[in-house]
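Notes for the one structure printed next.
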There are 2 protein chains.
Amino acid sequence: MNTDELVELGQQLRVDSVRAAAAAGSGHPTSSMSAADLMAVLLANHLRYDFDRPDHPGNDRFILSKGHASPLMYSVFKAAGALDDDELLTFRKLGSRLEGHPTPRRLPWVETATGSLGQGLPVGVGIALSGKRLERADYRVWVVCGDSELAEGSVWEAAEHAGHERLDNLVAIVDVNRLGQRGPTRHGHDLDAYARRFRAFDWHTIEVDGHDVDAIDRAYGEAVSTLGQPTAILARTLKGKGVEGVEDREGLHGKPLPDADEAIAQLGGKRDLVVQVHQPPGDRALRSVPTGPGVDLPRWERGGDPTATRDAYGKALAALGTARDDIVALDGEVGDSTRAEYFAKEHPDRYFECYIAEQQMVAAAVGLAARGWVPYASSFAAFLSRAYDFVRMASVSGAGINLAGSHAGVAIGQDGPSQMGLEDLAMFRAVHDSTVLYPCDANQTARLVAETAGLDGIRYLRTSRGATPVIYGPDEEFPIGGSKVLRSSGEDRLTVVAAGVTVPEALAAADALDREGIRVRVIDLYSVKPVDRATLRQAAEDTGCLVTVEDHHPEGGLGDAVLDAFLDGRPVPRLVRLAVRTMPGSASPEEQLHAAGIDAESIAASVRLLVEQAIVR
Amino acid sequence: MNTDELVELGQQLRVDSVRAAAAAGSGHPTSSMSAADLMAVLLANHLRYDFDRPDHPGNDRFILSKGHASPLMYSVFKAAGALDDDELLTFRKLGSRLEGHPTPRRLPWVETATGSLGQGLPVGVGIALSGKRLERADYRVWVVCGDSELAEGSVWEAAEHAGHERLDNLVAIVDVNRLGQRGPTRHGHDLDAYARRFRAFDWHTIEVDGHDVDAIDRAYGEAVSTLGQPTAILARTLKGKGVEGVEDREGLHGKPLPDADEAIAQLGGKRDLVVQVHQPPGDRALRSVPTGPGVDLPRWERGGDPTATRDAYGKALAALGTARDDIVALDGEVGDSTRAEYFAKEHPDRYFECYIAEQQMVAAAVGLAARGWVPYASSFAAFLSRAYDFVRMASVSGAGINLAGSHAGVAIGQDGPSQMGLEDLAMFRAVHDSTVLYPCDANQTARLVAETAGLDGIRYLRTSRGATPVIYGPDEEFPIGGSKVLRSSGEDRLTVVAAGVTVPEALAAADALDREGIRVRVIDLYSVKPVDRATLRQAAEDTGCLVTVEDHHPEGGLGDAVLDAFLDGRPVPRLVRLAVRTMPGSASPEEQLHAAGIDAESIAASVRLLVEQAIVR
């Protein structure tokens, strides 16, 4: 498109943004108007995208990191002929695909859900990594960021990763409209303040007037031809550009324009330009569908040497990677601890070292998943809390990612509470449609690692630092949503429900109690979400009391999980919860379990007390 | 100290680090050895600190952001005469104050718990803000960072905040030993890579050989005399410095030295130097203890105009700030939404705009709390998930901070799931010793805001976007751990437990059911943690069934919270949980509550079903 056409297209995107927000009675038209020219030039002259085939492997990828400017994104989709004017005006209404913030659950042209700021660029890095390192495709990743969101540290994790990996297929377009939600940003229109930060992280930078379509056009051309570095385009823009009394004014964030009709008139009225978007280059064959042999999982002899579940995780993941070429792994500079290093050694081409940047790690996993890979990302369970907002947004995206948290609980011992995952089960259970697994032995871990590859949504696997006994044979199966009844008799006085490190403790307690004539049932609830309702209900019926034992804070973990079997108004068994209730210090693993009251001795003592008090049958 | 003495002191710190780790059989001596000379010069020649009076207001503040180098920190405390050699050798043992990672819960000279990387500098920014803006004290904040942890985005949030606020009382000392846990860092010994990043964020930078005590001494002098900018000292060091076969070697992170005796010999043997640390300048009066009048909380007329609890939060916080001069507020660039702006307008000197950087916001709150202030930090409930690791570590510190999350739940309406806090109750309940509150009306909110000021630990208050009816009078009291029974009769068939936006829905349902002859009890469980066990138990005894209704995912929220009253083996009532089980889209608040099945109509329908099925009495 030539200059005049681009100007017209920019105005159309503004008008449509104003109309969509007016129809909704809410939304962010002013934040859309500042970036309208940037989007017009991108759509008309630079983006290569087949809107009829969003899965075309050659498509460029576009991410609106400032997701609140969704009216602009939807106006762009209209201008591309991908949706019609009637649908545009369903914006933010019940049942509409056009949500307040864009999500790929609803629209096939959206790569990732945005709306929590500072996430689009990190996810874009993940997609760019896929393009460059895995797909070896020519597509470009365009990310439109707001200026306010550059205050988020996650943006600089992304800048560091992209600069270091020389991702020259990545372009960040920063809409520097100088106004955040509540007022001016730190740096206002000081483009150089942003540019020198990006340059320090080894990016190429271009400063441009974001309302000069020719200058924008040249900037995009320069970005495309820049090799060996990602490019950041810092564009000086005005919020609410083009409408008197609105342009560059504070106090108008996230509100429809005061007078939409007048604004549309000032912007030259409604238009219906349709852009012929450049098609992606040659329809190369899609990446081969993974075939390979069945997974040849590592096997441990039942009753053999105690083995840490983190070891089993690493070995199983490496084996899975051998069987399936769509498996990729990421780690946050602790691969020697999480044992992701086993995968790294066997499949270095599909391993992504994310250094100590957990937000970028999870975002990269989301980006890789968006390109069809099955990512497994690992760190200490405690440190995954750093990326909780990214996990939450991954769930909004409907992204399928695996997260493994090692060094869970007080069982790590001497390192102390900063390194102990004690909130991770609560954190992951609360995520929509998540799967939460906590294996207790090596064979169980290996099986679960393989099984999670085929699941949807967020899958969390909790592993342990220390070695635990191998209590299952290598051919035992562990369906998601299942459990294992490890001790059972007709005389069970109650049921001990354990998972992970507390399973061997529960078994030892059961054996000790058995010698005293007290029979208890023991369930290994390795699938914390979903839980095995049938088995828990049977245990409730048979024994009347469930004692849960977990290496986790009392809230939101195993003890809460068992309740899921009893939330339909049926009778609920008596409940006793053993969990970590005090702030641990440093001590040996055994001392820690004992101090927390979750070792065999403590379990047995609790059961004896319940029997003595005649609380149980 | 002169050069020779400094060199000796550095060697002593190495030897003691090696000894402590050897005695423990675990720990991080090599990471301690790289920074030993940096610490020797700081302790002997620059730190102003009265170890007998850690609460001295003039003390410099020291933070070991690379908390795993705790052997070095404890060796420094020994060299300062603050602890003895016997205690040094209790490192990492059960009951010792010398934990694997330092925490102020145990040692009075520790400002904040570290061990999750990238947190020390952000907390240091909070302390420096207190010194400069609130206390107007001359103390300096020294933060020793690792090079690996500079990959964390939170470090750059801190760099941005400190640079913009011109915190020339803050010095970051970066121990660039080029080796992370699992191998080389991204930038190795390229000091300039780090320096140009800090400079881009408007810091003064100094590059130095971290084993040249005279150069270090000059660098500290330059940092102290640099005005108008924080200083980052980039120090080239060697991990394991001074011991052959260990120095600068990979694979030795987090392990005692292979041969401690040989290492100690190479380092010149044990020494017992005691440093006369510079005393802080003149013992100025401590900041005045807050007195002021009683809090004149805003009051709303019962049954008056519906009011949003976020409004009440802002107004109550402003009133609290008027009554108490130790109250400070922080917000993540959404103060017009959270209503923290009411405080900002009345008390601009005690308000900290943190822009869109939630990690830095929470860290600043922790730093301010360490200096005796009572911080209230706010953002959308959803976005507090960004700072979960900081909240977790604040709890390890024992920090007393208030966090307010607005725009909770699907009730926000059109903005969609990215903006909805639906995991926040789970997230905060799982934190050790936390308090979790969810008020339903304006008067209740105001009272709870005032009450939380006096609590210990992490206090979380969940507020709502839309207006809710004022159902309580302004003089009603709401103790922490209490609840309100809003409907009750001798014929209650079951109990509906609600909080926040579901309280008016529950009341409307109860009234509709009452007209049909079905009586139900309604409890407002505003204190989600701790819960009011007595009232819940009474309801269980009287009605036999609890129906919980929450604008939150089913896991870890209100429904799990009520269980806390029944975890001692006593009979548990029947339970039904109404919660947000599907991924919401955009829709009006009313449509959202209905779609989630948590509005009055849905509650009434569920109760009718339970009655028809004869599940309840």
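Evaluation of the salt bridge (charged side-chain N to carboxylate O under 4.0 Å, His left out) rule for R574(A) yields no partner, not counting sequence neighbours. Residues meeting the side chain to side chain contact (heavy atoms under 4.5 Å, CB included) test with A357(B), sequence neighbours left out: E157(B), Q360(B).
Separation of atoms CG (D389(A)) and CD (E358(B)) is listed at 7.0 Å; rounding is to 0.5 Å. Note: W156(A) CH2 to W156(B) CH2 = 10.0 Å, rounded to the nearest 0.5 Å.
Heavy-atom pairs under 4.5 Å with chain B were tallied for E160(A), E591(A), R105(A), E152(A); the largest tally goes to E152(A). Considering only heavy-atom pairs separated by less than 4.5 Å from chain A, the leading option among R570(B), Q613(B), Q592(B), E149(B) is R570(B). Interface remark: of the candidates A113(A), G153(A), G183(A), G153(A) forms the most heavy-atom pairs closer than 4.5 Å to chain B. The candidate from H28(B), H552(B), R199(B), Q119(B) with the greatest count of non-hydrogen atom pairs under 4.5 Å with chain A is Q119(B). With chain B as partner, the option from H161(A), R581(A), H253(A) having the largest number of non-hydrogen pairs under 4.5 angstrom is H161(A). For the set A426(B), G416(B), S116(B), the count of heavy-atom pairs under 4.5 angstrom toward chain A peaks at S116(B). Interface remark: of the candidates T103(B), T582(B), L610(B), T582(B) forms the most heavy-atom pairs closer than 4.5 Å to chain A. Counting heavy-atom pairs closer than 4.5 Å to chain A, the top-ranked of the candidates S148(B), S26(B), G556(B) is S148(B). The residue among G100(B), S385(B), P573(B), S588(B) with the most heavy atom pairs within less than 4.5 Å of chain A is S385(B). Chain B forms the most heavy-atom pairs under 4.5 Å with one residue out of E333(A), Q414(A), R106(A), K93(A), and that residue is E333(A).
If you measure heavy-atom distances from P584(A) to chain B, the contacts under 4.5 Å come from the backbone alone. Neither the backbone nor the side chain of A561(B) comes within contact range of chain A; no heavy atoms are under 4.5 Å apart. Of the two parts of S337(B), the backbone and the side chain both hold a non-hydrogen atom closer than 4.5 Å to a non-hydrogen atom of chain A. With a 4.5 angstrom heavy-atom cutoff, T548(B) does not touch chain A via any of its atoms. For P184(B), the part lying under 4.5 angstrom from a heavy atom of chain A is the backbone only. Residue F198(B): no heavy atom, backbone or side chain, is found under 4.5 Å from chain A. With a 4.5 Å cut-off on non-hydrogen atoms, E99(B) touches chain A through its backbone and its side chain both. Only the backbone of M420(B) comes within contact range of chain A, with heavy atoms under 4.5 Å apart. Contacts between Q181(B) and chain A at a heavy-atom distance below 4.5 Å involve backbone atoms as well as side-chain atoms. With a threshold of 4.5 angstrom between heavy atoms, R97(B) does not approach chain A through any atom at all. Contacts of M393(A) with chain B are made by side-chain atoms alone, with heavy-atom separations under 4.5 Å and no backbone atom involved. For A382(A), the parts lying near chain B are the backbone and the side chain together; criterion is any non-hydrogen pair under 4.5 Å.
Looking at E555(A) and S434(B), their side chains never come closer than 4.5 Å, going by heavy atoms from C-beta outward. Between H101(B) and S586(A) the shortest side-chain heavy-atom distance does not fall below 4.5 Å. The shortest distance between side-chain heavy atoms of L563(B) and L575(A) falls below 4.5 Å. The closest side-chain heavy-atom distance from R386(B) to Q359(A) is below 4.5 Å.
In summary, E353(B) and R186(A) do not engage in a salt bridge, as defined by a charged side-chain N under 4.0 Å from a carboxylate O. Under a 4.0 Å N-O distance rule, the pair R429(B)/D560(A) qualifies as a salt bridge. With respect to D424(A) and R392(B), no salt bridge is recorded, no charged nitrogen being found less than 4.0 Å from a carboxylate O. Taking a cutoff of 4.0 Å between a charged side-chain nitrogen and a carboxylate oxygen, R196(A) and D202(B) qualify as a salt bridge. A salt bridge between D415(A) and R92(B) is present, with a side-chain N of the basic residue lying under 4.0 Å from a carboxylate O of the acidic one. Using a 4.0 Å cut-off between charged nitrogen and carboxylate oxygen, R182(B) and E341(A) do not count as a salt-bridge pair.
Ring geometry for H164(B) against H187(A) counts as perpendicular: the plane angle is over 60°, on a 0 to 90° scale with 30° as the lower cut.
Nearest heavy atoms, A151(A) versus Y355(B): CB-CB, 4.2 Å. Residues P417(B) and V396(A) approach most closely at CG-CG1, 3.8 Å, considering heavy atoms.
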side-chain contact (heavy atoms from CB on, under 4.5 Å) assessment of Q419(A) paired with H68(B): CA-CA 10 Å; Q419(A) 319 293 302; H68(B) 53 285; over 6 Å; no
side-chain contact (heavy atoms from CB on, under 4.5 Å) between E423(A) and H432(B), worked out: CA-CA 9 Å; E423(A) 305 84 359; H432(B) 179 67; 5.9 Å; no
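Taking the ring centre of F201(A) as origin, the terminal cationic atom of R197(B) falls inside the region bounded by 6.0 Å and 45° from the ring axis.
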